[in-house]
Chemist: 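Sending over a structure as structure tokens; questions will come in a sec.
Positions are given from 1 along the sequence. Note that these values count all heavy atoms, side chains included, but never hydrogens, waters or copies made by symmetry.
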Amino acid sequence: MAVIHHTALKPTKLELLTSWLPSRPWYRGGAAEPQLAKAGGFRLDDPQGEVGIEFIVVTDASGPHPTAYLVPLAYRGAPLDGAEQALVGTMEHGVLGRRWAYDGCHDPVLVAQLAALIEGRAQAQDQNITGVPDREVIASYTGEGSISTDFTATDDQEGTRLTTPHGMTLRLHRVLQPTTTPPQGAIGHFTASWQIPGDTRARGVFAVLHGCK
């Protein structure tokens with residue numbers, strides 16, 4: 001079980017994401033700097049206890065309408081070999097020291113635990129409290145056998161597509177919409193909720209799995 005340390009981060013996660021989000025093809029903002037606020041998310045445990053795994057939802061108020069983005073982050077105590085293009089930034093953690101924050105879609109530990117979440121083998125954890133499950137994260141899997149974790153991640157204007165050599169596709173919705181109905185033909189997905197302006201909550205599909213073609 002991961003231990004959540006309540007301590008200072010320099011720079012903060014929101015500061016890192018303010019610089020990184022505009023570089024993504026799925027970012028919907030304009031030329032203005034993002035105005036980010038934390039809107040929700042959850043954590044997953046690394047069975048080896050080495051990698052911090054967090055799915056963050058942030059809202060950007062820089063445009064005419066607030067937009068919610070899903071950002072899976074993997075926190076490591078050393079650089080991940082071969083993942084330089086996925087580095088979001090480095091932070092100084094008040095307890096753990098320097099941490100390397102990666103776009104989790106390119107981190108094999110996060111991807112493996114995401115597959116376990118969809119299969120029902122992993123339980124989402126509260127974003128801020130150690131040892132408390134997040135019951136609002138609901139997963140469904142109707143496929144046969146284990147989900148392959150041999151994924152290659154590709155960003156496009158719609159989000160992030162993770163594909164296996166055999167054609168299985170896991171689509172992460174980076175721009176969140178308030179709908180809980182997965183696309184036709186999906187064999188797995190999970191839904192969760194986030195805060196929206198007006199002190200209310202929305203619920204949507206965060207990721208969808210399609211089988212081999």
Side-chain angles (χ1 to χ4, degrees), residues 1-5 9 13-14 16-17 20-21 23-24 26 38 40-58 69-91 93 96 98-128 130 133-134 136-141 146-156 159-165 168-176 188-192 194 204-210:
M1 179 178 64
V3 176
I4 299 172
H5 300 281
L9 290 172
K13 298 170 189 177
L14 290 183
L16 280 184
L17 294 180
W20 180 78
L21 274 178
S23 70
R24 302 299 92 193
W26 38 262
K38 181 179 174 182
F42 61 92
R43 291 180 178 264
L44 294 174
D45 287 336
D46 170 15
Q48 303 303 317
E50 296 294 330
V51 179
I53 301 173
E54 184 176 16
F55 287 70
I56 296 178
V57 179
V58 294
Y69 295 100
L70 171 64
V71 184
L73 290 176
Y75 307 111
R76 289 177 169 266
L80 175 62
D81 290 342
E84 293 81 8
Q85 80 287 353
L87 182 66
V88 177
T90 59
M91 304 178 292
H93 190 284
L96 301 175
R98 176 156 294 189
R99 303 291 283 172
W100 281 257
Y102 289 93
D103 179 353
C105 293
H106 299 268
D107 190 293
V109 174
L110 185 147
V111 170
Q113 291 311 108
L114 174 56
L117 172 68
I118 293 174
E119 287 182 21
R121 296 185 289 108
Q123 170 69 61
Q125 301 295 312
D126 188 273
Q127 195 173 23
N128 302 304
T130 300
D134 187 336
E136 289 194 357
V137 180
I138 300 174
S140 173
Y141 179 58
S146 299
I147 299 171
S148 172
T149 58
D150 185 18
F151 283 107
T152 299
T154 304
D155 283 341
D156 57 34
T160 302
R161 186 178 69 255
L162 294 94
T163 55
T164 70
M168 182 175 285
T169 302
L170 178 60
R171 166 70 72 173
L172 264 72
H173 294 171
R174 297 301 201 125
V175 180
L176 298 176
H189 72 284
F190 78 90
T191 64
W194 68 95
V205 176
F206 279 37
V208 176
L209 179 71
H210 287 275

Chemist: Tell me, please, which residues at least two apart from Glu136 pass salt bridge (charged side-chain N to carboxylate O under 4.0 Å, His left out).
Modeler: Arg201
Chemist: Decide yes or no on side chain to side chain contact (heavy atoms under 4.5 Å, CB included) for Arg161 and Asp156, but give the supporting numbers first.
Modeler: CA-CA 8 Å; Arg161 186 178 69 255; Asp156 57 34; 3.2 Å; yes
Chemist: Do Leu17 and Val88 come within less than 4.5 Å of each other through their side chains, counting heavy atoms only?
Modeler: yes
Chemist: I'd like to check Gln125 versus Leu44 (side-chain heavy atoms, cut-off strictly below 4.5 Å). Are they in contact?
Modeler: no
Chemist: With no hydrogens and no angle check, is any side-chain donor or acceptor of Asp134 less than 3.5 Å from a backbone partner on Asp126?
Modeler: no
Chemist: Does anything in residues 76-87 form a side chain to side chain donor-acceptor pair (under 3.5 Å)? List the pairs, not counting sequence neighbours.
Modeler: Arg76-Asp107
Chemist: Does a side-chain heavy-atom distance below 4.5 Å link Pro72 with Leu114?
Modeler: no
Chemist: Determine yes or no for a side-chain-to-main-chain donor-acceptor pair under 3.5 angstrom, with Gln113 supplying the side chain and Asp45 the backbone.
Modeler: yes
Chemist: Centres of the Phe190 and Tyr141 rings: under 6.0 Å?
Modeler: no
Chemist: Donor-acceptor pair, distance only, cut-off 3.5 Å: does the side chain of His173 make one with the backbone of Val205?
Modeler: yes
Chemist: Starting from the C-alpha separation in whole Å, work towards a yes-or-no answer on side chain to side chain contact (heavy atoms under 4.5 Å, CB included) for Leu14 and Val58.
Modeler: CA-CA 8 Å; Leu14 290 183; Val58 294; 3.6 Å; yes
Chemist: With the side chain counted from C-beta on, respond yes when Pro108 and Leu80 share a heavy-atom pair under 4.5 Å apart, and no when they do not.
Modeler: yes
Chemist: Between atom CG of Leu162 and atom OG1 of Thr152, what is the distance when rounded to the nearest 0.5 Å?
Modeler: 8.0 Å
Chemist: Side chains of Tyr69 and Trp26: closer than 4.5 Å at any heavy-atom pair?
Modeler: yes
Chemist: Could you check if a side-chain atom of Ile147 sits within less than 4.5 angstrom of a side-chain atom of Leu209, using non-hydrogen atoms only?
Modeler: yes
Chemist: Between Glu54 and Gly52, is there a donor-acceptor pair closer than 3.5 Å when you use the side chain of the first and the backbone of the second?
Modeler: no
Chemist: Decide side chain to side chain contact (heavy atoms under 4.5 Å, CB included) for Phe206 and Leu176; before the verdict, give the C-alpha distance in whole Å, the side-chain angles of both, and the deciding distance to 0.1 Å.
Modeler: CA-CA 7 Å; Phe206 279 37; Leu176 298 176; 3.8 Å; yes
Chemist: Under a 4.5 Å cut-off applied to non-hydrogen side-chain atoms, are Arg24 and Arg174 in contact?
Modeler: no
Chemist: Quick one: pull up CG in Asn128 and CZ in Arg43 and give me the separation to the nearest 0.5 Å.
Modeler: 7.5 Å
Chemist: CD1/Ile53 to CZ/Phe42 distance, rounded to the nearest 0.5 angstrom?
Modeler: 10.0 Å
Chemist: Could you tell me the separation between the NZ atom of Lys38 and the CD atom of Gln127, rounded to the nearest 0.5 Å?
Modeler: 4.0 Å
Chemist: When you compare the side chains of Thr160 and Asp155, does any donor N or O come within less than 3.5 Å of an acceptor on the partner?
Modeler: yes
Chemist: At what distance, to the nearest 0.5 angstrom, does OG1 of Thr154 lie from CZ of Arg171?
Modeler: 9.0 Å
Chemist: Please walk me through it: do Asp103 and Leu73 pass side chain to side chain contact (heavy atoms under 4.5 Å, CB included)?
Modeler: CA-CA 5 Å; Asp103 179 353; Leu73 290 176; 5.8 Å; no
Chemist: OG1/Thr149 to CG/Leu110 distance, rounded to the nearest 0.5 angstrom?
Modeler: 11.5 Å
